[in-house]
Protein chains: 2
Amino acid sequence: MNRPSALTADLSLMRELNRALVLQLIRREGRISRADIAKHTKLSRSTVSSIINDLIDASLVTETGIGTSKGGRRPIILEFNYQANYIIGLDVSRNAVSAVITDLNARICSRRQISFNVNDGPTVGMPLIKQLISTMLTESPVGRGRISAIGVGVPGPLDFRNGRTIAPPVMPGWDNVPIREELSQTFRLPVSIDNDANLAAMAEYRWGAGQGAQNMVYLYMSSAGIGAGLIIDSHLFRGSIGSAGEVGHTTLSVENDESFGPINAGSLEALASQITVLRLAREQKLINADDDVHALVRKAESSPEIQAILRRTAHYLGVAIASIINIFNPDRVVIGGVIPETSPLLIETIRATVARRALSIAVNNTSIVPGALGRNVAALGAAALATERLFAPPALERPATLGVHSNEVGSLAS
Amino acid sequence: MNRPSALTADLSLMRELNRALVLQLIRREGRISRADIAKHTKLSRSTVSSIINDLIDASLVTETGIGTSKGGRRPIILEFNYQANYIIGLDVSRNAVSAVITDLNARICSRRQISFNVNDGPTVGMPLIKQLISTMLTESPVGRGRISAIGVGVPGPLDFRNGRTIAPPVMPGWDNVPIREELSQTFRLPVSIDNDANLAAMAEYRWGAGQGAQNMVYLYMSSAGIGAGLIIDSHLFRGSIGSAGEVGHTTLSVENDESFGPINAGSLEALASQITVLRLAREQKLINADDDVHALVRKAESSPEIQAILRRTAHYLGVAIASIINIFNPDRVVIGGVIPETSPLLIETIRATVARRALSIAVNNTSIVPGALGRNVAALGAAALATERLFAPPALERPATLGVHSNEVGSLAS
DNA sequence: GGTACTTTGTCAAGACAACAAACAAACATA
DNA sequence: TATGTTTGTTTGTTGTCTTGACAAAGTACC
C-alpha cells in the first residue's frame, strides 16, 4: 500500500523547481527582465541569470529587446519562446476526430478533422487516429522535429494510472484499450490522455472563460453527452477512480416547481443533452430534420416553443449545477457547448434556477458564464494538458492540511 | 492580484523538506531504523543520520532499542516521541465547549467540558472559552510548557484567511469575530481554527473510519446541524469561500419513491437533523420529553414507528450523499454523529438509497461506514489540525495538472 | 573458534546550487 | 560633467547532499 511517496529533495530538484518557477513566471507575465524576475521570485539576481542562461540555451526563452529605464541601466526584455515546440491535440468524439497543432501558447496553427464512427471499435478506430496523427506530423507547417507532445481527449472515464479507457458508455467496444501506450510507442512522443470534459475544462481555465478562477466547474454539453470537469486550486480533480464530475448519468431529482410540473427522475443526459433538445424540437416540428444546433438556437429567437424547450433544459442543468455549487463552492462555473455558448436564454435560465436552489452565500460568490473557446475546446485542452506536462515542476507533497493557522508563533518544523 | 506565489527553493528549504519527509515516515511507520529510512526516502545514509541527529536534538525522535539482524549489524530503532509536545483541541458547540489535551498521536490525556450558550454572543462566550483554555493549561498533567498549539472548531463557516467567523447560521451574534487572533495573542501559542465538520473529518481520516482513504467525504450529524467535510488527496477541501460541504442548508429534492410519498423541498437540516428526529419522535409520543438520542436509538429496536422515522431520515441523507458521490467520486464516506454511529438501521438504509441513486461505477468503489471516534471527534480533529500544522512541510506549488501521462519519453522540463 | 560475508552507522572529500558582495555597463538627473 | 540608480555578471562563501571508505557489530559456514 505504498502511496506515491514525496520526492526527496536534492540539488537537482532545487534547480528544477526554480527553473519551473522562473519559466512559469515568464509564461504568465509575457515580457519581463531578469531583475524583475528576481524581485518576483525572491531569487538572487545571479541565480536568475544562471537559470535564464539555461533556458536560453534550451531556446525556451529569448531576449527580444531593451526596455525603458527607470533611472538606471535599461533592462533586457525576456520572452517565452512560444514557437520553441509544438503540440498535437486530439479530440475523439462520437462521429469525428478533430486534431489541432498549437504552439506553446495554444495558438492553433493547423487543424484537421476526419469522420469517424466510435461504434466501429478500436480495431477500426485506432488506425484512423494514428493516421490522422501521422498526417498532422508530416503535413504540419512547423516540421515534425519540433512537435514534442501529443494530447488526446476521449468521451468517457479513464483509468489514469495506465491511460486506458474503462467501460466508456458512449464508446462500446473500447473497454480497456491502452490508447496512451500505443500512441506513445508508435510516435515516440510523450502522450497525455484524459476525459474530454476534463480537457475542455482545462482549456477554458487556462485560456478561456475560466481564467483567474481558483475553483472552477466546467459543464460540457457536447454532442456526445454531458460531463463536468472540476478544477481545484488550479488542478484537475478526477476523484478516486476517475468518475468525478460524471454528472451525465446521474439520477436527477426535480421537485414541483412553479414553472414546471412534477417530473419523474431520469438521467441528466437523457433529460438535457444536445441530442434530446434536437429530438424534442424535431418531434414538435419546430425545426427541420437536417437542422443542427446552430439552426435551433437561431430559430429559437422567434419560436416560443423552442424557447420553452431551452428553458426546461436549462432548468435541469441548473438543478445539477446548484448541487455542485453547494458541495464544491467554486468561484466560477463555465458552461461549454454550442447551445450554452450561443443561447443567452439558456445561460440566464440556468442562473435563475441556480439562484433559487443553491446556498445563497455560495451563489453570490460564483459567476456562471458560457464557454469562450468554441468548437475546438477539447482538442485545445488536450494540447494544453500535454503542454502543461512539459513544464510541470516535479510533484511534491502538499502540506497535510489547508486549515486556518496563526502565523504569529513559529512551528516546530521550521 | 498576486496569488500565493510558489516558494523559491534554496538550501534551507531542501533541508526542511527532507526533515519533514523523514519525520512523516517515522510517524507513519512507528518503529524504523536509519537504514530503512534511507531505503524508503532514497536519501543517502549519511544524510539520514544528519537529519536524525537534528530530530533527536529537538527531541522529536528517540532511539528506543536495538532491532534484529538480517545478517549484519543490528539496527538502532527510532521512534517518534509522541510525548514531545501536547496539543489542546477545542470544540465549540451550541450548548457546550469541550476540550481535550492530546499527545502528538492524538491520545487524549485530559478532557473537560463546560456548558455554554452560543446565543449569548462573543462578549460572554469568548471569556468562557479563554477560561477553559486557561484551566486546561494550568491543571494539565503535562505542564504548561509542553503544550505547543491550540486547535479550535466552530459550527459554522469561516473566513480562513484571517480566522474569523462569517455569518454562522447557528451562531447568532458571532459574525466576524477574530477568534484566532484573540486566542493567539492571549496564550502566545499557534492557533488553528476550522469548521467542526471539517475537523471531525480530519480526525476520522487520520485516526478513525477514514484511515487509508484517498478521497473521503464525512457527513457530520451533530446536535448543531448537518455538515460535510471533504478530504481530497489527504487534504481538507474548503472551496472558494469556505462553504464547500455546507450541505445542511441545501434545498433537497426528493422525487416520488416506492417507499416514500412525494415530499416538498426543504433543507437537509430541516428534514434530517438530530433535532428533527427527536422532535418527530416526541410529537408522536414514541419517546419521553427528556429522552436523548441514545434513548431514541435504544427504543428504536422495539418500535417500528421510530424505525420509520429513522428510515425516512436515512433516505434524505442518502439523497444528499448520492449527489456528493456522483460529483466527487470518493472512495470512502464516513457518517458521524450519535445516531449514525449507534444505529445500524440508519447506515443500512443510507446504503440502500445511495445504491439506487448514485452512479453504479462510483458506488461500487465507495464504502459507506459510520464514524468510529465517538463524542470527542471534533475536539480531537481540532487537535489533529494543530498537530499537522506543526509538522507540515513547506507549501510548494503542485504540478499544474493531474492528467494521465506517458513516462516513456522525457519532458522538456527535466 | 576462525574466516568470509552483510548490514548499520559515521566520517571526510567532493559536487553543486544559491547567495552576498563587488564590479562593470548603461542610463537619468542635476 | 559629476552623482546616483538600475541592470546584469563575476567571484568567493555557505550549506546540503552524495560518494566512497571505514569501523562496528552482527550472521553463516567450515
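What you see below is based on every heavy atom in this structure, not just the backbone, and it leaves out hydrogens, waters and symmetry mates. Lettering of chains follows the sequences in order, A, B, ..., and the numbering in each one begins at 1. As the structure is a prediction and not an experimental result, all values here were calculated from the model.
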*Are the side chains of B:Leu23 and B:Val61 in touch, meaning some heavy atoms are under 4.5 Å apart?*
yes
*Indicate for each nucleotide in nucleotides 20-30 of chain D, in 5' to 3' sequence, whether protein heavy atoms under 4.0 Å reach the base (B), only the sugar-phosphate (S), or nothing (-).*
----BBBS---
*asked:* Consider side-chain contact (heavy atoms from CB on, under 4.5 Å). Of A:Thr62, A:Thr64, A:Ile37, which one does A:Leu78 pass it with?
replied: A:Ile37
*Taking atom types as modelled, find out whether A:Ser44 and A:Ser46 have a side-chain donor-acceptor pair closer than 3.5 angstrom.*
yes
*Within the structure, does a side-chain N or O atom of A:Lys39 lie under 4.0 Å from either OP1 or OP2 of D:dG8?*
no
*Quick one: does A:Asp194's side chain have a donor or acceptor within less than 3.5 Å of a partner on A:Asn198's backbone?*
no
Which protein N or O atoms sit under 3.5 Å from an N or O of nucleotides 13-17 of chain D?
from: D:dC17; atom 1: OP1; to: B:Asn18; atom 2: ND2; distance (Å): 2.8
from: D:dC17; atom 1: OP2; to: B:Arg15; atom 2: NH1; distance (Å): 2.4

*May I ask you to decide whether A:Glu204 forms a salt bridge with A:Arg332, counting only side-chain N to carboxylate O separations under 4.0 Å?*
no
_Hydrogens and angles aside, do B:Gln214 and B:Asp331 bring a side-chain donor and acceptor to less than 3.5 Å of each other?_
no
*B:Gly67 to B:Arg74 - nearest heavy-atom pair and separation*: O-NE, 3.1 Å
*Mind checking which nucleotides bracket the chain A contacts on DNA chain C, 5' to 3', with an atom under 4.0 Å from a heavy atom?*
C:dC16 to C:dA28
*asked:* Would you say A:Ser50 and A:Arg15 are linked by a side-chain donor-acceptor pair, where the criterion is simply a distance under 3.5 Å?
replied: yes
*May I have the distance from A:Ile37 (atom CD1) to D:dT6 (atom P), rounded to whole angstrom?*
18 Å
*Are any side-chain N or O atoms of A:Glu388 and backbone N or O atoms of A:Leu385, one a donor and one an acceptor, separated by less than 3.5 Å?*
no
*Quick one: do B:Asn215 and A:Ser240 satisfy side chain to side chain donor-acceptor pair (under 3.5 Å)? Show the steps, please.*
CA-CA 6 Å; B:Asn215 298 294; A:Ser240 292; 3.1 Å; yes
